[in-house]
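Computed from a prediction, not measured in an experiment: that's the story for all the values here. Along the sequence shown, residues are numbered consecutively beginning with 1.
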Amino acid sequence: VLAVLGLEAAAPGECELSRLLQDKLQYELRLQYMKHYFPIDYTLQVQYEEVLRPANITRLRNGTVSEAALRYLWFHVSSQAVLRIHEVLPEKHPSWKYTQELCQLFDALGKEYSEYRQTDVEVVVADLVKLVHSAGAESRRKAVRPKALLDNCLKVMRMLYGAPCEWGPG
């Protein structure tokens, strides 16, 4: 566990869990479970802040947000996205077990972040995390395909964990 938030390195537990997530989010599985098993053009209504793209991370990095805070933000946004997908599925849906396994991996990763408090991270990240977890009707919503949510989750995860966890290309 990261004792000091200023540390830029990812904790060994973070690396192992993110590696497991990367395996679970491989293209074939995302395509099968998030596209083929859903109706054509199916979308979820999510808050604007629940869509975290590589460009958002680049902008925050340029704003001097720490890597640890970016990983904290990615965790909250991605776990919320997976939870949203899981919540719309009936238990007998072919994607239900897949999303449940993703939720379990995010729960395990959440234990790695349990030491973090929103007051420990940059204000911009803390504000975004608050927005993601607020279910307020005043927030802006957008329609997003389930596969697109997981595509963004994987791309951003590779940006944030690839170097500190010494992942090879792929």
Side-chain angles (χ1 to χ4, degrees), residues 1-25 30 34 43-87 99 101-167:
V1 177
L2 290 174
V4 180
L5 211 108
L7 246 59
E8 295 299 319
E14 285 181 88
C15 287
E16 182 57 33
L17 289 166
S18 60
R19 221 175 254 111
L20 291 170
L21 272 168
Q22 182 176 237
D23 292 345
K24 212 38 142 167
L25 291 171
R30 291 192 326 268
M34 295 294 113
T43 59
L44 295 166
Q45 291 294 319
V46 298
Q47 295 178 71
Y48 182 78
E49 295 80 16
E50 289 179 282
V51 180
L52 186 63
R53 294 186 175 100
N56 302 118
I57 295 300
T58 302
R59 189 180 73 253
L60 289 168
R61 271 183 177 156
N62 292 342
T64 65
V65 173
S66 71
E67 291 296 305
L70 291 173
R71 288 192 296 269
Y72 178 79
L73 174 64
W74 168 84
F75 161 74
H76 282 281
V77 171
S78 297
S79 60
Q80 192 70 16
V82 169
L83 192 58
R84 284 219 188 265
I85 295 167
H86 186 68
E87 287 173 344
T99 57
E101 290 167 0
L102 288 173
C103 285
Q104 289 167 346
L105 285 170
F106 275 107
D107 286 346
L109 193 57
K111 288 180 178 64
E112 294 292 321
Y113 290 105
S114 63
E115 301 293 315
Y116 289 38
R117 293 185 310 277
Q118 287 187 9
T119 54
D120 293 338
V121 297
E122 286 88 342
V123 173
V124 65
V125 170
D127 289 346
L128 286 170
V129 169
K130 270 188 227 155
L131 282 170
V132 165
H133 290 292
S134 71
E138 74 282 350
S139 64
R140 298 180 309 180
R141 298 231 174 241
K142 64 189 293 180
V144 182
R145 290 188 170 94
K147 183 179 172 295
L149 287 172
L150 293 189
D151 290 347
N152 286 330
C153 170
L154 180 64
K155 287 175 192 169
V156 172
M157 182 177 69
R158 285 182 175 158
M159 282 178 73
L160 296 175
Y161 290 95
C165 293
E166 299 174 2
W167 293 353

What are the two closest non-hydrogen atoms of [X] and [Y], and how far apart are they?
X: N152; Y: P54; result: OD1-CD, 4.4 Å
X: R19; Y: C165; result: NH2-O, 2.9 Å
X: C15; Y: P164; result: SG-O, 4.3 Å

From [X] atom [atom1] to [Y] atom [atom2], the distance as rounded to the nearest 0.5 Å:
X: H86; Y: L102; atom1: NE2; atom2: CG; answer: 10.0 Å
X: Q47; Y: R84; atom1: CD; atom2: CZ; answer: 6.0 Å
X: E87; Y: L44; atom1: CD; atom2: CG; answer: 10.0 Å
X: D127; Y: K130; atom1: CG; atom2: NZ; answer: 5.0 Å
X: D151; Y: R145; atom1: CG; atom2: CZ; answer: 11.0 Å
X: I57; Y: L70; atom1: CD1; atom2: CG; answer: 5.0 Å

Test side chain to side chain contact (heavy atoms under 4.5 Å, CB included) applied to [X] - qualifying residues, sequence neighbours left out:
X: V77; result: L52, L73, V132
X: K142; result: V46, Y48, V51, R53, V144
X: A108; result: L17
X: S79; result: F75, F106

For V82 and L150, what are the C-alpha separation, side-chain angles and deciding distance, and is it a side chain to side chain contact (heavy atoms under 4.5 Å, CB included)? CA-CA 8 Å; V82 169; L150 293 189; 3.7 Å; yes
Any sub-3.5 Å donor-acceptor pair from R30's side-chain atoms to K147's backbone N or O? no
Are the side chain of R71 and the backbone of E14 linked by a donor-acceptor contact shorter than 3.5 Å? no
Let me see the working for S18 and L109 under side chain to side chain contact (heavy atoms under 4.5 Å, CB included), right down to the final yes or no. CA-CA 8 Å; S18 60; L109 193 57; 5.7 Å; no
Of all residues at least two apart in sequence or in a different chain, which pass the salt bridge (charged side-chain N to carboxylate O under 4.0 Å, His left out) check with R59? none
Residues in salt bridge (charged side-chain N to carboxylate O under 4.0 Å, His left out) contact with R61, at least two apart in sequence or another chain: E67
So L154 and R158, side chain to side chain contact (heavy atoms under 4.5 Å, CB included) or not? Walk me through it. CA-CA 6 Å; L154 180 64; R158 285 182 175 158; 3.7 Å; yes
Please lay out, stage by stage, how L25 and C153 fare under the test side chain to side chain contact (heavy atoms under 4.5 Å, CB included). CA-CA 9 Å; L25 291 171; C153 170; 3.8 Å; yes
